[in-house]
Amino acid sequence: MSSDKLEKGYEPHAVEKRWYDYWQKEGLFKAEDKSSNPAYSIVIPPPNVTGVLHIGHALVNTLQDILCRYHRLKGENVLWMPGTDHAGIATQNVVERKLAEEGTDRHQLGREKFIEAVWEWREKYGSAIINQLKRLGASCDWDRERFTMDEGLSLAVRKVFVQLYEEGLIYKGDYIINWCCRCHTALSDLEVEHEDLDGHLYHIRYPFADGDGHMVVATTRPETMLGDTAVAINPEDERYRDLTKASVILPLMDREIPIIKDTYVDTEFGTGALKVTPAHDPNDFDIGNRHNLDRVKVIGEDGRMTDEAGKFKDLERFECRKALVKALKSKGLLEKIEPLRHGVGHCYRCKTVVEPNLSKQWFVKVKPLAEKAIESVKTGKIRIVPDMWTKTFYDWMYNIKDWCISRQIWWGHQIPAWTCTACNQVVVAMETPAACTACQSTDLVQETDVLDTWFSSALWPFSTMGWPEKTPLLGTFYPTSVLVTGFDILFFWVARMMMMGLHFMKEVPFTDVFLHALLRDEEGQKMSKSKGNVVDPLDIIEKYGTDALRFTLAAFTAQGRDIKMSEKRVEGYRNFINKLWNAARFSLMHLDRGYDHLDNATISLPNKWILSRLTQVCQKVAEALDNYKFNDAANAAYQFVWHEFCDWYVEAAKPALYDKLGNDQKEETKKVLWFVLRDILVFLHPIAPFVTEEIWQKLPGSQGSVSKAIYPDPDSYCSSPVLDEVAEKRMSMISQIISSIRNIRGEMNISPSIELEVIIQSDNGESKSVLRQQEKLICTLARLKTLRTEAPGKKPRTAATAVVEDATVFVSLEGIIDFARESERLNKEINKVGKEMAGLTRKLNNEDFLKKAPGDVVEKVKQKHETMMEKEHKLQATLDRISRIQA
RNA sequence: GGGCGGAUAGCUCAGUUGGGAGAGCACCGGCCUUACAAGCCGGGGGUCACAGGUUCAAGCCCUGUUCCGCCUACCA
């Protein structure tokens with residue numbers, strides 16, 4: 001094959017499209033429902049159907065793709081299950097915004113028409129993110145794509161709801177929930193983001209009912225006082241020990257409310273008197289239950305004051321606060337206002353301040369479910385990687401509270417519950433019941449609320465595989481192998497999947513959980529559209545290619561640390577991809593056929609060496625991926641390909657390939673080059689699928705797609721063991737000698753075009769013989785005219801000197817040597833050696849070290865010390881000689 | 001309030017049975033050497049946050065301190 005088939009630089013775009021289409025056409029991502037090969041499965045964390053691919057998606061899906069491709073190379077039957085999430089609130093918001101632009105709203109449309117509009121929207125725009133995942137190279141089994149609102153998944157949701165209800169694990173009731181006045185729905189505790197804000201603590205006088213004096217309560221939300229039904233004090237509070245009054249008059253409302261005693265009240269805070277508003281505070285709600293207090297709801301679902309708020313009725317809640325403070329002031333009931341920084345809850349979707357509000361909602365009783373999830377982690381059935389999250393997981397699970405699952409929106413799974421208008425009986429069933437189970441009335445009204453989107457996501461690992469049917473797919477792929485996701489949804493999603501999986505499948509949903517870090521911008525700030533610091537993966541792909549992006553993401557996924565991302569970083573890996581491309585371009589110039597067997601018993605040193613290094617890097621990459629150490633895998637691959645294969649092997653192979661060492665050497669080297677390049681393509685394929693496929697297709701003798709190759713094991717095609725420490729040690733000496741000559745050239749300012757004459761002296765027979773064998777190689781790589789290897793003897797008069805192991809290298813500089821410069825250089829070298837020796841000497845002078853350290857360690861230090869001594873000695877002798885010549 | 005993580009070269013970070021302090025980028029010097037200037041060759045640069053302790057030996061283990069970041073929580 002001639003080189004003109006490969007462009008001079010790698011051009012990713014056409015390549016990416018071509019091979020992605022080819023993979024799909026060939027069905028290379030298809031999983032088999034049943035197979036004799038080991039199963040490996042991952043379910044994708046379903047992106048919001050409204051989403052566009054952001055860098056976080058790019059990361060999580062790159063990691064999954066790396067794993068899936070790697071396991072395919074290992075011959076496993078891989079299922080990567082794709083799909084999207086209906087994202088109730090987010091999607092409804094998007095469609096409502098669109099309706100607003102059209103001058104209408106969902107209420108005008110009505111529920112049915114609105115749902116239709118959402119489906120239309122979904123048909124039109126819902127596949128955007130799926131297509132973007134394809135550009136990322138994601139090797140999902142697309143024929144199996146699922147959507148949380150699909151019929152099958154909806155059936156699963158209903159089934160789960162009904163069963164949990166029947167088991168008493170789902171209940172409906174009046175409780176304080178987090179209410180978003182803008183999204184007009186309840187939120188679970190997790191959907192509330194707490195942020196510390198500067199607010200005020202208002203001290204308000206509540207006059208005693210008998211008209212004799214007052215007590216002072218403190219609150220951050222004075223508007224809730226309109227709904228107060230008691231004032232509470234701690235029975236232990238000294239300040240109120242002698243208090244005989246039984247009630248106060250609620251200011252502005254002129255309602256008499258009791259003074260009650262409850263140990264919940266913190267005597268350290270405020271005045272020690274707590275206003276109790278059972279309808280608008282979770283703690284007050286509990287107190288209210290303990291003391292049988294009325295619940296007066298003064299803030300409505302729209303964020304405006306209710307009829308119960310008296311003259312403040314219809315005021316927006318924060319307006320009401322202002323008006324109320326003013327009113328209190330004018331009546332002299334406001335004792336003081338203190339600044340106070342305190343946590344305020346916000347809606348995770350729209351950032352509106354959340355209102356704790358009394359409301360009738362559906363809940364899941366999670367404690368019993370959580371216990372099993374905890375146990376499965378404790379017993380190691382599920383492993384969380386990195387391990388540091390395990391503790392966080394336990395902390396949350398031990399303190400878990402019931403999960404509010406009903407949402408007052410329209411887009412989602414409508415709760416399968418019906419209320420009989422005749423007798424108020426609630427009927428929960430899979431299908432619309434014909435008649436009330438209690439009174440047989442046919443006048444039943446279905447619950448209008450829908451379920452939290454996470455409720456359906458929690459079923460994802462088995463609902464996507466056909467549950468509640470017992471499908472072959474479930475049999476083969478459940479439990480899945482690993483779940484890859486960000487730690488930010490450990491509670492939202494991961495924990496809930498565990499609970500649901502264990503309850504309904506009686507088996508964990510996955511055996512490993514890999515939690516990746518969060519991506520930030522280069523300053524470490526969270527990326528957000530409003531900050532304008534987002535890195536758009538599609539832009540990156542346009543500019544640098546998908547493989548470069550993937551490589552970057554993999555290389556920066558060190559466990560347990562946030563990833564600071566910037567374009568600059570991608571550039572380096574783009575260069576790497578291009579380097580690989582050019583190395584392949586060079587290789588293909590010399591390769592005309594493929595091979596299936598390598599007789600490696602008697603091959604040349606560079607050939608032995610590269611195979612030995614290859615086998616190690618293959619193992620290292622595999623081991624890293626087995627342990628989710630993506631950065632180790634990427635770096636090991638990078639280091640080997642660039643700095644061993646390209647920098648040394650390709651250069652070392654040139655004399656043979658250019659026919660300077662005879663035909664046997666040429667053929668042997670072609671063969672080794674072929675195997676090494678082929679294996680590189682395979683072990684790089686999971687990280688850089690496109691460029692490896694492109695090269696693979698041009699590699700003579702390759703078959704099919706690289707994604708169907710077998711993960712490399714050089715021992716499998718070599719006649720003798722590949723790992724060769726002797727060859728590595730010898731090659732190391734050769735490369736050090738070459739580097740030392742290059743160093744002299746650089747430091748002495750000798751033009752690369754001048755070919756040097758070198759004499760190497762050594763009293764080690766083996767070294768001499770190796771050096772003589774590799775004479776041609778050294779001459780080529782160090783650009784030498786002549787190289788003589790001899791026993792120590794007469795030193796050349798005008799030469800620069802380097803010491804490598806047992807060899808002394810003399811670079812003849814007849815006529816061009818600058819003695820001052822050489823002295824300086826030698827001094828620097830001696831200094832370096834001296835520093836290194838100091839530490840070694842200190843150890844060897846320490847009796848305790850010699851006595852207590854393990855023998856092999858002592859031996860190593862001794863040997864190193866000796867080598868260093870000798871090196872210093874030789875360098876010093878040279879320096880002395882030069883000084884004499886100079887003088 | 002509780003918990004977790006981080007502090008290593010100018011920058012971003014690797015560094016798990018404690019025994020050689022590393023990479024990428026940036027920087028300096030030299031090169032268009034027939035795969036690659038998206039490149040090649042050479043080079044400089046670090047009391048591993050601070051203070052103690054364990055050990056023959058500590059970036060790594062223990063204790064404390066300072067500074068950052070995150071998660072979590074019902075102090076109104």
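All heavy atoms count here, side chains included; hydrogens, waters and symmetry mates do not. Here is the naming used below: chain letters follow the sequence lines, and residue numbers restart at 1 for every chain. Since we're looking at a predicted model, the values are computed, not measured.
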*Asks:* Please work out if Asn578(A) contacts a base, only the sugar-phosphate, or nothing of the nucleic acid, heavy-atom cut-off 4.0 Å.
*Replies:*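 Base: the residue Asn578(A), judged by heavy atoms under 4.0 Å, touches a nucleobase.
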
*Asks:* Say whether Asp228(A) and Tyr206(A), considering side chains only, have a donor N or O and an acceptor N or O under 3.5 Å apart.
*Replies:*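 There is such a pair between these side chains.
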
*Asks:* Which nucleotide sits closest to the side chain of Phe849(A): C56(B), G29(B), A35(B)?
*Replies:*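 When the side chain of Phe849(A) is considered, C56(B) is the closest of C56(B), G29(B), A35(B).
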
*Asks:* If you only use heavy atoms from C-beta on, which nucleotide in G44(B), C56(B), C36(B) is closest to the side chain of Asn846(A)?
*Replies:*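 Comparing G44(B), C56(B), C36(B) against the side chain of Asn846(A), the answer is C56(B).
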
*Asks:* What nucleotide, of A76(B), G43(B), A35(B), holds the atom closest to the side chain of Thr220(A)?
*Replies:*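 Nearest to the side-chain atoms of Thr220(A), counting from C-beta on, is A76(B).
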
*Asks:* Describe the nucleic acid contact of Asp647(A) in one word from base, sugar-phosphate, nothing, applying a heavy-atom distance below 4.0 Å.
*Replies:*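 Touches sugar-phosphate only.
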
*Asks:* Which atoms form the tightest heavy-atom contact between Arg341(A) and Asp196(A), and what is the distance?
*Replies:*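 The pair with the smallest heavy-atom distance is NH2-O, 3.2 Å.
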
*Asks:* Which nucleotide sits closest to the side chain of His342(A): G24(B), A76(B), G44(B)?
*Replies:*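 Selected nucleotide (nearest to the side chain): A76(B).
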
*Asks:* Contact class for Val650(A) vs. all strands (heavy atom < 4.0 Å): base, sugar-phosphate, or nothing?
*Replies:*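 Val650(A): base contact, heavy atoms under 4.0 Å.
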
*Asks:* Both distances below 3.5 Å, Watson-Crick or wobble geometry, any strand: find the nucleotide opposite A57(B).
*Replies:*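 None - no nucleotide pairs with A57(B), as no candidate has both distances under 3.5 Å.
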
*Asks:* For Glu651(A), which contact category applies under a 4.0 Å heavy-atom criterion: base, sugar-phosphate, or nothing?
*Replies:*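 Answer is base: heavy atoms of Glu651(A) come under 4.0 Å of a base.
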
*Asks:* Would you say the rings of Tyr658(A) and His590(A) are close, in the sense that their centroids are separated by under 6.0 Å?
*Replies:*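 Ring-ring flag for His590(A)/Tyr658(A): true, centres closer than 6.0 Å.
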
*Asks:* If you look at every strand shown and take non-hydrogen atoms under 4.0 Å, does Lys275(A) touch a base, only sugar-phosphate, or nothing?
*Replies:*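 No contact.
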
*Asks:* Nearest to the Lys391(A) side chain among G43(B), C4(B), A14(B), which nucleotide is it?
*Replies:*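 Nearest listed nucleotide: C4(B).
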
*Asks:* Name the pairing partner of C25(B), where a pair is Watson-Crick or G-U wobble with both distances under 3.5 Å, or state none.
*Replies:*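 Pairing partner, where one exists within any strand: G10(B).
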
*Asks:* Counting Watson-Crick and G-U wobble pairs only, both distances under 3.5 Å, name the nucleotide matched with G39(B), or none.
*Replies:*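 Partner of G39(B): C31(B).
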
*Asks:* Roughly how far apart, to the nearest Å, are A7(B) and A76(B) at atom C1'?
*Replies:*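 Rounded to whole Å, the distance is 38 Å.
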
*Asks:* Which part of the nucleic acid does Thr277(A) contact within heavy-atom distance under 4.0 Å: base, sugar-phosphate only, or nothing?
*Replies:*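 Result for Thr277(A) = nothing.
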
*Asks:* Is it the case that Lys261(A) places NZ or CZ above or below the six-membered ring of Tyr240(A), under 6.0 angstrom from the centre and within 45 degrees of the axis?
*Replies:*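 Output no; distance or angle outside limits.
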
*Asks:* Which whole number of Å gives the distance between the P atom of C60(B) and that of U8(B)?
*Replies:*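 Taking atom P in both C60(B) and U8(B), they lie 14 Å apart.
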
*Asks:* Look at all strands and tell whether Lys579(A) reaches a base, only sugar-phosphate, or nothing, counting heavy atoms closer than 4.0 Å.
*Replies:*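 Answer is base: heavy atoms of Lys579(A) come under 4.0 Å of a base.
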
*Asks:* Starting at the 5' end of RNA chain B, which residue's closest nucleotide do you reach first, Pro854(A) or Phe556(A)?
*Replies:*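 Going by which nucleotide is closer to the 5' end, it is Phe556(A).
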
*Asks:* Return the pairing partner of A51(B) with a 3.5 Å limit on both distances, Watson-Crick or G-U wobble; otherwise return none.
*Replies:*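 Checking every strand shown, A51(B) finds its partner in U63(B), with both distances under 3.5 Å.
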
*Asks:* How far does the C1' atom of G45(B) sit from the matching atom of A23(B), given to the nearest Å?
*Replies:*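 Pairwise C1' distance, G45(B) against A23(B), rounds to 14 Å.
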
*Asks:* Check the side chains of Arg295(A) and Asn289(A) for a donor-acceptor pair under 3.5 angstrom, ignoring hydrogens and angles.
*Replies:*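 The answer is yes; a qualifying pair exists.
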
*Asks:* Is there a Watson-Crick or G-U wobble partner for C4(B) with both distances under 3.5 Å, and which nucleotide is it?
*Replies:*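 The answer is G69(B), by the H-bond criterion.
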
*Asks:* Classify Gly272(A) by what it touches in the nucleic acid, base, sugar-phosphate, or nothing, heavy-atom distance under 4.0 Å.
*Replies:*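 Counting heavy atoms under 4.0 Å across all strands, the contact made by Gly272(A) includes a base.
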
*Asks:* Quick one: label Lys832(A) by what it contacts on the DNA or RNA (base, sugar-phosphate, nothing), any heavy atom closer than 4.0 Å.
*Replies:*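 Sugar-phosphate contact only - Lys832(A) comes under 4.0 Å of backbone atoms but never of a base.
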
*Asks:* Mind checking Glu747(A) for me? I need base, sugar-phosphate or nothing, with any heavy atom below 4.0 Å counting as a touch.
*Replies:*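 Sugar-phosphate, no base atom in range.
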
*Asks:* With rounding to the closest Å, how many angstrom separate the P atoms on G18(B) and C62(B)?
*Replies:*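 Straight-line distance between the two P atoms is 11 Å.
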
*Asks:* Within the 4.0 Å heavy-atom criterion, would you say Arg742(A) contacts the bases, only the backbone, or no part of the nucleic acid?
*Replies:*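 If one applies the 4.0 Å heavy-atom cut-off, Arg742(A) turns out to touch the sugar-phosphate alone, with no base involved.
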
*Asks:* Sticking with atom C1', work out how far C27(B) lies from G46(B), rounded to a whole angstrom.
*Replies:*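 Per the computed distance, 16 Å lies between those C1' atoms.
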
*Asks:* Taking the C1' atom of each, how far is A49(B) from U66(B), in whole Å?
*Replies:*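 Here A49(B) and U66(B) have their C1' atoms 8 Å from each other.
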
*Asks:* For the residue pair Phe487(A) and Trp389(A), does the interplanar ring angle fall in the parallel (under 30°), tilted (30 to 60°) or perpendicular (over 60°) class?
*Replies:*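 The arrangement is parallel - the two ring planes meet at less than 30°.
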
*Asks:* When you get a sec, tell me which of C56(B), A35(B), A14(B) is the closest nucleotide to the side chain of Asp632(A)?
*Replies:*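 Selected nucleotide: A14(B).
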
*Asks:* Is it the case that the ring center of Tyr573(A) lies less than 6.0 angstrom away from the ring center of Tyr638(A)?
*Replies:*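 Yes, ring centres under 6.0 Å apart.
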
*Asks:* Evaluate the criterion side-chain hydrogen bond (donor to acceptor under 3.5 Å, both in side chains) for residue pair Ser188(A) and Glu191(A); output intermediate values, then yes/no.
*Replies:* CA-CA 5 Å; Ser188(A) 71; Glu191(A) 287 165 313; 3.1 Å; yes

*Asks:* Give the B/S/- string for nucleotides 67-75 of chain B, one per nucleotide from 5' to 3', where a protein heavy atom under 4.0 Å of the base yields B, of only the sugar-phosphate yields S, and otherwise -.
*Replies:* ---SS--BB

*Asks:* For residues Asn283(A) and Tyr264(A), is any side-chain donor paired with an opposing acceptor at under 3.5 Å?
*Replies:*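 Per modelled atom types, Asn283(A) and Tyr264(A) side chains form a pair under 3.5 Å.
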
*Asks:* His643(A) near the nucleic acid: base, sugar-phosphate alone, or nothing, with a heavy-atom cut-off under 4.0 Å?
*Replies:*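 Answer is sugar-phosphate: His643(A) comes under 4.0 Å of backbone atoms only.
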
